[in-house]
Amino acid sequence: MDRTAGRPAAGLAAPCSAGTCLVWLGSAASTGVTGRVFEAEGGRITVMEGWRPGPSADKGARWTPAEAGETTRKLLAEAEAEAGVPGTAYGA
């Protein structure tokens, strides 16, 4: 089995890719952001709308927490309001 297949270039799948978003979400700058699901992979941040991807931004490189926060706010403004899946409650 080839264990290198599908591996992103330049190590962008490293834990720090998602960690940048987590740092921002844990800061005061993310006040009011609740009940949403995000996907952070490499240089891409996606706001999920239920079980499907919603607005997305791809920097092509790792984000700083400040960049991730600014971009996430813009993506949330574009996303469907409360796009949960019927019968589920994100963040509950």
Side-chain angles (χ1 to χ4, degrees):
M1 173 187 243
D2 181 5
R3 298 206 179 264
T4 62
R7 186 178 293 173
L12 291 176
C16 60
S17 296
T20 299
C21 288
L22 291 175
V23 168
W24 179 75
L25 285 168
S27 74
S30 70
T31 299
V33 177
T34 184
R36 297 309 300 245
V37 176
F38 302 94
E39 180 182 87
E41 180 181 11
R44 188 181 70 236
I45 299 171
T46 303
V47 176
M48 300 300 290
E49 294 178 335
W51 294 108
R52 64 183 171 79
S56 182
D58 192 342
K59 179 180 175 183
R62 292 191 179 120
W63 302 86
T64 66
E67 291 171 328
E70 181 179 335
T71 300
T72 300
R73 289 272 183 204
K74 289 177 184 175
L75 295 173
L76 286 168
E78 297 171 19
E80 292 180 11
E82 300 182 30
V85 175
T88 65
Y90 294 137

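Along the sequence shown, residues carry numbers from 1. Heavy atoms only: backbone and side chains are in, while hydrogens, waters and symmetry mates are out.
Evaluation of the side-chain contact (heavy atoms from CB on, under 4.5 Å) rule for A66 yields T64 as partners, not counting sequence neighbours. Residues passing the side-chain contact (heavy atoms from CB on, under 4.5 Å) test with T46 are E39, R44, M48, P53, S56, sequence neighbours excluded. Partners of L22 by side-chain contact (heavy atoms from CB on, under 4.5 Å), not counting sequence neighbours: none found. The side-chain contact (heavy atoms from CB on, under 4.5 Å) search around K59 returns A61, W63, E67, not counting sequence neighbours. Not a single salt bridge (Lys or Arg N to Asp or Glu O under 4.0 Å) links E78 to another residue, sequence neighbours left out.
Annotation for R36 and A79: closest pair NH2-CB, 3.7 Å, computed over non-hydrogen atoms. For A68 against T20, the heavy-atom pair with the smallest separation is CB-CG2, 3.9 Å.
With rounding to the nearest 0.5 Å, the separation of CH2 in W24 from OG1 in T72 is 5.0 Å.
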Exercise. Under the side-chain contact (heavy atoms from CB on, under 4.5 Å) criterion, do L25 and F38 qualify, and how do the steps go?
Worked result: CA-CA 10 Å; L25 285 168; F38 302 94; 4.1 Å; yes
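In the hydrophobic clustering of this structure, V23 does not group with V33; members are Ile, Leu, Val, Met, Phe, Trp, Tyr whose side-chain heavy atoms approach within less than 4.5 Å, directly or through other members.
Salt-bridge check for R52 with E80: passed, with a basic side-chain N closer than 4.0 Å to an acidic carboxylate O.
Side-chain contact between P55 and K74 is absent, with no heavy-atom pair separated by less than 4.5 Å.
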